[in-house]
Amino acid sequence: MPHTDNGRNRKRPDARRRPNARRTLRSETPSTVAVLADEKDFAAMRRYASFLFDDHATYLRHVEGLLRSLAAQGTYTSVALFDPDDYERYCTGRHLNPDTALSRTRYTADVAAAGTRLPYEGQPLARLLPRLIDEAEQQATWEYASALLSAGGDCATCGEDIGRAAFARASRALRLILEAVGEGAHHLVCSVPADEETPLIAVLHTECRDGALHLGEAAALVFCTVLAAGLATDRPGGIVLRSSLPDRPDTVRGWGLRGGGLRPLTEAEVFAAYCTDAETGEPVPPEHGVEYRAGIPLDLDGDVQGDV
């Protein structure tokens with residue numbers, strides 16, 4: 001008598017493959033981990049009973065373990081910053097209870113994941129977090145400076161957009177400075193007073209080798225935006241430039257913002273600016289092997305005037 005299989009005991013062809021397919025799908029779902037990067041932010045979250053950590057170092061070890069676990073599963077993971085103050089505002093605006101893991105998850109998905117993030121590629125958290133903080137601060141600086149430019153409106157005399165014109169002058173100023181100093185590695189800092197206590201500060205590293213200029217486009221954008229904000233609002237900021245060449249002393253130059261332009265500082269003013277603690281105002285001993293020079297005169301409506 002022939003055997004008849006009615007299909008009742010037959011397994012579906014994909015039954016064994018289903019768990020593997022599920023794991024594959026999980027690995028193809030990106031993840032964002034929002035981190036409390038410093039002790040102050042960590043302490044602010046401890047007021048919530050549902051936040052179970054009581055030691056920042058232990059918390060960071062657990063976060064790093066989570067990141068390694070996700071990477072081992074093949075999950076693309078990015079790391080963002082968790083801002084407790086912003087989180088509280090987020091929960092208030094959406095009528096959420098901030099003392100739940102679900103609310104923290106929603107904040108990470110809606111806010112932190114949309115902000116500054118860096119990919120996790122197996123690097124130690126101690127190396128990743130400083131970069132993340134730096135990029136987040138750069139983004140916040142750019143946004144604040146952009147808001148200052150946008151608030152300028154149009155010139156009452158000529159009708160030109162004040163912010164756009166100031167950005168064009170700032171971009172020209174950066175180009176003229178770098179053309180004037182030429183070969184070498186150059187570190188520029190632009191500082192402009194803000195409405196809060198902390199000034200807007202933009203940092204730009206550039207290098208000129210064999211006539212080719214190398215710089216980060218994002219950092220250059222932030223630098224020009226901060227400088228443009230100072231030019232547009234006529235705030236008393238400035239630029240300090242430190243240049244390095246092999247087998248030669250480093251040189252430091254400076255410019256002050258004045259009347260929509262840049263005034264070169266004298267050698268004495270550069271020395272005073274570079275050798276004063278920005279926070280305390282106390283004198284700082286000059287560095288050995290550093291030369292302090294007057295800023296190069298710049299004509300933002302023409303060309304560089306004078307020699308390097």
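One is the number of the first residue; the rest follow in order along the sequence. The figures that follow rest on heavy atoms only: side chains count, while hydrogens, waters and symmetry mates do not.
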Give me the atom names and distance for the closest heavy-atom approach of [X] to [Y].
X: Ala228; Y: Ala170; answer: N-CB, 3.7 Å
X: Leu81; Y: Ala136; answer: CD1-CB, 3.7 Å
X: Ala232; Y: Ala166; answer: CB-CB, 3.7 Å
X: Pro84; Y: Met45; answer: CB-SD, 3.9 Å
X: Arg209; Y: Glu183; answer: CA-OE1, 3.4 Å
X: Tyr120; Y: Arg68; answer: OH-CG, 3.3 Å

Take a 6.0 Å sphere around CZ of Arg47 and say whether it holds more than 12 heavy atoms from other residues, nucleotides or ligands.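 Enclosed: over 12 neighbouring heavy atoms sit under 6.0 Å from CZ of Arg47.
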
Please indicate whether Arg248 has more than 12 foreign heavy atoms, meaning atoms of other residues, nucleotides or ligands, lying under 6.0 Å from its CZ.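 Not buried by this count: 12 neighbours or fewer within 6.0 Å.
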
Remaining members of Tyr274's ILVMFWY cluster at a side-chain heavy-atom cut-off under 4.5 Å?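 Its cluster mates, by chain and number, are Val240, Val252, Leu265, Val270, Phe271, Val290, Tyr292.
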
Hydrophobic clusters join Ile, Leu, Val, Met, Phe, Trp and Tyr when side-chain heavy atoms are under 4.5 Å apart, directly or via other members; which others share one with Val189?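 Its cluster mates, by chain and number, are Ile201, Val203.
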
Under a 3.5 Å threshold, yes or no: a donor from one side chain and an acceptor from the other, between [X] and [Y]?
X: Glu135; Y: Gln139; value: no
X: Thr77; Y: Ser31; value: no
X: Thr100; Y: Ser103; value: yes
X: Ser50; Y: Arg104; value: yes

How would you list, by chain and number, every residue that makes a side-chain hydrogen bond (donor to acceptor under 3.5 Å, both in side chains) with [X], sequence neighbours excluded?
X: Glu137; value: none
X: Glu269; value: Arg263, Thr266
X: Ser150; value: none
X: Ser243; value: His186

Is the distance between the ring centroids of Phe82 and Tyr107 less than 6.0 Å?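 Judged by ring-centre distance (under 6.0 Å), Phe82 and Tyr107 do meet the cut-off.
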
Please check this pair: side chain of Ser69 against backbone of Gly65, looking for a donor-acceptor N/O pair closer than 3.5 Å.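 No, the answer is negative, given that no donor and acceptor are paired below the 3.5 Å cut-off.
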
Could you check whether any side-chain N or O of Trp255 sits under 3.5 Å from a backbone N or O of Ile296, counting only pairs where one atom can act as donor and the other as acceptor?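 Yes, because the side chain of Trp255 sits within donor-acceptor range (under 3.5 Å) of the backbone of Ile296.
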
Between Arg253 and Glu291, is there a salt bridge with N-O shorter than 4.0 Å?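 Salt bridge flag = no for Arg253 with Glu291.
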
Salt-bridge contact Asp86-Arg89 (side-chain N to carboxylate O under 4.0 Å):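 Answer for the salt bridge query: yes.
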
Counting C-beta onward and ignoring hydrogens, is there a side-chain heavy-atom pair between Leu227 and Leu257 closer than 4.5 Å?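 SC-SC contact between Leu227 and Leu257 confirmed.
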
Mind telling me whether Phe53 and Tyr59 have parallel, tilted or perpendicular rings, with 30° and 60° as the class edges?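 The arrangement is perpendicular - the two ring planes meet at more than 60°.
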
Chi angles and distances behind the side chain to side chain contact (heavy atoms under 4.5 Å, CB included) call for Leu174, Leu204: CA-CA 10 Å; Leu174 176 61; Leu204 178 63; 3.8 Å; yes

